[in-house]
Protein chains: 2
Amino acid sequence: MEQKFRSTCPISSALDIIGDKWSLLIIRDMLFSGKKTYGEFGKSSEKIATNILSNRLTKLEELEIISKGKMEGNKKTNIYSLTQKGKELLPILMEIAQWSDHNLNDHLQDGAKPFVNRFKSDKDGFVKGMYAMMEKR
Amino acid sequence: MEQKFRSTCPISSALDIIGDKWSLLIIRDMLFSGKKTYGEFGKSSEKIATNILSNRLTKLEELEIISKGKMEGNKKTNIYSLTQKGKELLPILMEIAQWSDHNLNDHLQDGAKPFVNRFKSDKDGFVKGMYAMMEKR
DNA sequence: ATTATTACTTGCATTTTACAAGTGAAAACA
DNA sequence: TGTTTTCACTTGTAAAATGCAAGTAATAAT
């Protein structure tokens, strides 16, 4: 799979990579739920199809947004981790969450509000705190 | 066209709306280039197909991210404007631009860097400045 | 030795996207 | 005033992406 870019615009180029309905949900599950394995990703409430999940994991790995490793003492379970490039998607996800919180309120029913509020009141602090937390798990 | 949501997650729900390769590019052109008409949107360097452009404008209007009006003294040119809901997509676009600036540097060739740097050094100030500027045009 | 789990792949129907051409009304021009 | 552009789309069709169900192969558990 070769990545194609429509232009040299930074926004357009990012969308060429993550501009679909599934890639950022995988990243979301890694960032916020600590998911690591193919099986775990398949269990999200949005029910990603297994072939699409496989395709996206491959793409994200090729783009070095995630990396694939083996679980110690287990030869069949693969462990996916976020690279630095992948972790840096966090602020994008938080701004998306904040936008939804502001503008999709009637639809949502979720415990994400306090989370979003902590981000709003101190964006840099929140992001740094999340990065620190990820080191430990 | 009825909007469907895969879950009540804020991130997933936002992606159900703007998670494709074109919607945010239209918003980009409205925010950063002041584009307003169907013809102007069609001229972006990414070459959106006319049927897709039409489809996205309709969707974005239904979702009240943009609104459609008439140009004064002209019965054929339509004017699309961002609603508040649409303007609030700016921080998402800026975080995307910043991510690309950090992580896609070898690919990009664009004068967006100083722009991104102003955002990085003072995010809230940058966003407020942009909103103020948009009032005037 | 058998069953269950994990991480996928495959085939096919449906939906979305892309490309090219066409339409109809308003505006500009001769 | 008649003709040509311009503008904002729509339509038809091929190609690509997505969604769904079932299947496979290796490892791990019983």
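The figures here come from the full heavy-atom set of this structure, side chains too, leaving out hydrogens, waters and symmetry mates. A, B, ... follow the sequence lines: proteins, then strands. Residue 1 opens every chain.
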Chemist: Between C:dA7 atom C1' and A:L53 atom CG, what is the distance in whole Å?
Modeler: 9 Å

Chemist: Hey, is the main chain of B:R118 close enough, under 3.5 Å, to the side chain of B:S121 for a donor-acceptor pair?
Modeler: yes

Chemist: For A:E46, is there an ion pair with A:R28 - N to carboxylate O distance below 4.0 angstrom?
Modeler: yes

Chemist: On the side chain of A:K76, is there an atom forming a donor-acceptor pair with the base of C:dT6 - under 3.5 Å, no angle test?
Modeler: no

Chemist: Between B:S54 and D:dC9, does any side-chain N or O lie under 4.0 Å from OP1 or OP2?
Modeler: no

Chemist: Would you indicate, yes or no, if C:dT16 has its OP1 or OP2 atom less than 4.0 angstrom from a side-chain nitrogen or oxygen of B:W22?
Modeler: no

Chemist: Rounded to the nearest angstrom, tell me the gap between atom NZ in A:K35 and atom C1' in C:dA7.
Modeler: 16 Å

Chemist: In whole Å, I'd like the distance from the CD1 atom of B:I52 to the P atom of D:dA8.
Modeler: 18 Å

Chemist: Less than 4.0 Å between a side-chain N and a carboxylate O, is that true for B:D20 and B:R56?
Modeler: yes

Chemist: Starting from P on C:dC8, measure out to CD1 on A:I26 and report it in whole angstrom.
Modeler: 12 Å

Chemist: Counting only side-chain N and O atoms of A:N74, is one of them less than 4.0 Å from OP1 or OP2 of D:dA28?
Modeler: yes

Chemist: Quick one: label A:Y80 by what it contacts on the DNA or RNA (base, sugar-phosphate, nothing), any heavy atom closer than 4.0 Å.
Modeler: sugar-phosphate

Chemist: Can you tell me how far the CG atom of A:L90 sits from the CZ atom of A:F126, to the nearest 0.5 Å?
Modeler: 6.5 Å

Chemist: To the nearest Å, how far apart are A:R6 CZ and C:dC19 P?
Modeler: 11 Å

Chemist: Can you measure A:Y38 atom OH to D:dA25 atom P for me and round it to whole angstrom units?
Modeler: 16 Å

Chemist: OP1 or OP2 of C:dT6 sitting under 4.0 Å from any side-chain N/O of A:T77?
Modeler: no

Chemist: Any side-chain N or O of B:K68 under 4.0 Å from OP1/OP2 of D:dC9?
Modeler: yes

Chemist: In this structure, how many angstroms lie between the P atom of D:dC9 and the NZ atom of B:K59, rounded?
Modeler: 17 Å

Chemist: Assign the ring pair A:F5 / B:H107 to parallel, tilted or perpendicular, where the plane angle (0 to 90°) is split at 30° and 60°.
Modeler: parallel

Chemist: Would you mind classifying the nucleic acid contact of A:N78 as base, sugar-phosphate or nothing, using non-hydrogen atoms under 4.0 angstrom?
Modeler: sugar-phosphate

Chemist: Closest-nucleotide mapping onto DNA chain C: is B:G73 or A:T50 further toward the 5' terminus? I mean the 5' end.
Modeler: A:T50

Chemist: For the pair made of NZ in A:K4 and P in D:dA17, what is the distance, rounded to whole Å?
Modeler: 9 Å

Chemist: Nearest-nucleotide wise, let me know which of B:N51 and A:K75 is further upstream toward the 5' end of DNA chain D.
Modeler: B:N51

Chemist: Taking the minimum atom-to-atom distance to the side chain of B:R56, which one of D:dC9, C:dT17, D:dA22 wins?
Modeler: C:dT17

